[in-house]
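Chain identifiers are assigned alphabetically (A, B, ...) following the order of the sequence lines, protein sequences preceding nucleic acid strands; residue numbering begins at 1 within each chain. Note: hydrogens, waters and symmetry copies are ignored here, and every other heavy atom, side chains too, is used.
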Amino acid sequence: MLFEDTKYFDYKFPEPQYLGAKYIHRGWIAQFIPERTNVVLDAFSGSQSIAYMFKQLGKKVITNDFLNFNNLIGKALIENSSNKLDSSDIELLFSENSDPSKYNLMSELYTGLFFCDEESSFIDSFRSNVHKLSNPYKQALALSIMCRSMTRKVTMGHFAHTQALVYASDPTRIKRNRSLIRPLKNIFLDLLPEYNAAVFNNLKDNISYNKNILDLLPTLEDVDLVYFDPPYCNSHADYQSFYHLLETYVEYWKDKQFVNGIKRYEPKRYSGFDKNSEAISNLQLMFKQAHHIPTWLVSYNDRSFPDIETMVDLISPYRNVKVERKVYNSGRGGKGSVAGSSEILLVCTMK
DNA sequence: ACCTGGTATCAGCGACTACA
DNA sequence: TGTAGTCGCTGATACCAGGT
């Protein structure tokens, strides 16, 4: 590899906890990027770990996710080239609630469910002060780190798991995951240096979007490569339910209903990719819309709907497809282990 | 048959520690 | 400085119940 390709590699992406984060596969995926690729689109960016890898490789990165809390990570770490949070910013964020009658959503919804009273008051007051930061990049950074801190509190990183407070009073649970009883403020302060250190300038005009990919794709020109990492149907692929709390926190909805035991917001955003019944037709449309982008990389696995053969059939009208496979030699064990399954990358090139 | 909401799980990785 | 032992942390999960 040339120096040009590695000069940003000292920067380190703050490790994500998301289900399905491609962070651990980023080196493997990188080898399939053709030479002379300058402009790259990450269409379903999630944690932003792959967009970050593209940025480290010196590409101009266009990144997108239909959930805003993911877009904000994109603003903070991909689009942002220099803004970090300093001690005066932290002082602002940790000051008292600037408008308790307006900023009380987390307390009202999640006290006794995901957080104790003190903690939900703290995140409400933190949220009330975010707008005092001097620009949108600092604001995005602050919200990203707080979302990451909150994620540490729940099993599997899911806010569909309602046992956080039960576990927080169970000594064996606490022994296994000390974050359960640590104040969010402390977790935030631990993560802060990692996030600050991850901000860098690759001398490109990078941009993060918060759109449905089916609306964004037709508007983009001059993209050399697109990376698709769509939700994998067949198991639960409803990321809005898993991470509803984070989206509610950044959006601070005032016009939604909050339903069920988990207090998920309703109505949900339209995804188009999270139901078996819609997945194929929307993948078909998406591939059609990507006709003007020469190279496509599609992450997949061998346990999802539609199956790999169907995916290849959907792409074949437009591109040559090569199926690359990385076998997990050892999963992380346990019930959630994916040992023995494969990570798939469909490498799609011009005919 | 499919969708949605919810709970339960344990093996392995890797960071850390103790000891030589 | 090297290595064996310890232990914290995690999971595109597995499974079930109930609704449409």
- Side-chain ion pair, A:Glu251 and A:Arg269, N-O less than 4.0 Å: yes
- Query: Taking all atoms of both residues into account, what is the closest heavy-atom pair of A:Trp296 and A:Phe287, and its distance?
  - Reply: CH2-O, 3.3 Å
- Would A:Phe188 and A:Phe126 count as a close aromatic pair, with their ring centres under 6.0 Å? yes
- Query: Separation of A:Ile50 atom CD1 from C:dA12 atom P, in whole Å?
  - Reply: 15 Å
- To the side chain of A:Arg264, which of B:dT4, B:dG6, C:dA12 is closest? B:dT4
- Message: Without decimals, in angstroms, what is the distance between A:Lys263 NZ and B:dG6 P?
- Response: 10 Å
- Query: What closest approach, in Å, do A:Trp28 and A:Ile344 show between heavy atoms, and which atom pair accounts for it?
  - Reply: CH2-C, 4.1 Å
- Task: Establish, with yes or no, whether the OP1 or OP2 oxygen of B:dG5 is under 4.0 angstrom from a side-chain nitrogen or oxygen of A:Ser241.
- Result: yes
- Task: Would you mind reading off the distance between A:Leu245 atom CG and B:dG6 atom P, rounded to a whole angstrom?
- Result: 13 Å
- Whole-Å distance between B:dG5 P and A:Tyr243 OH? 16 Å
- Please give, in whole Å, the distance from B:dG6 P to A:His244 NE2? 8 Å
Between the protein and nucleotides 1-3 of chain B, list the N/O to N/O atom pairs that are separated by less than 3.5 angstrom.
residue: B:dC3; atom: OP1; partner: A:Ser277; partner atom: N; Å: 3.4
residue: B:dC3; atom: OP1; partner: A:Ser277; partner atom: OG; Å: 3.4

- Query: Which of parallel (below 30°), tilted (30 to 60°) and perpendicular (above 60°) describes A:Phe273 and A:Phe44?
  - Reply: perpendicular
- Under the rule of Watson-Crick or G-U wobble with both distances under 3.5 Å, where | means paired to another strand and [ ] a crossing pair, DNA chain B maps to ||||||||.|||||||||||
- Task: Flag the pair A:Tyr11 / A:Phe200 as yes when their ring centroid distance falls below 6.0 Å, and as no otherwise.
- Result: yes
- Lys/Arg-Asp/Glu bridge criterion (N-O < 4.0 Å) met for A:Glu266, A:Lys268: no
- Item | Sequence neighbours excluded - side-chain hydrogen bond (donor to acceptor under 3.5 Å, both in side chains) pairs with any residue from residues 277-291 of chain A | A:Tyr270-A:Asn282
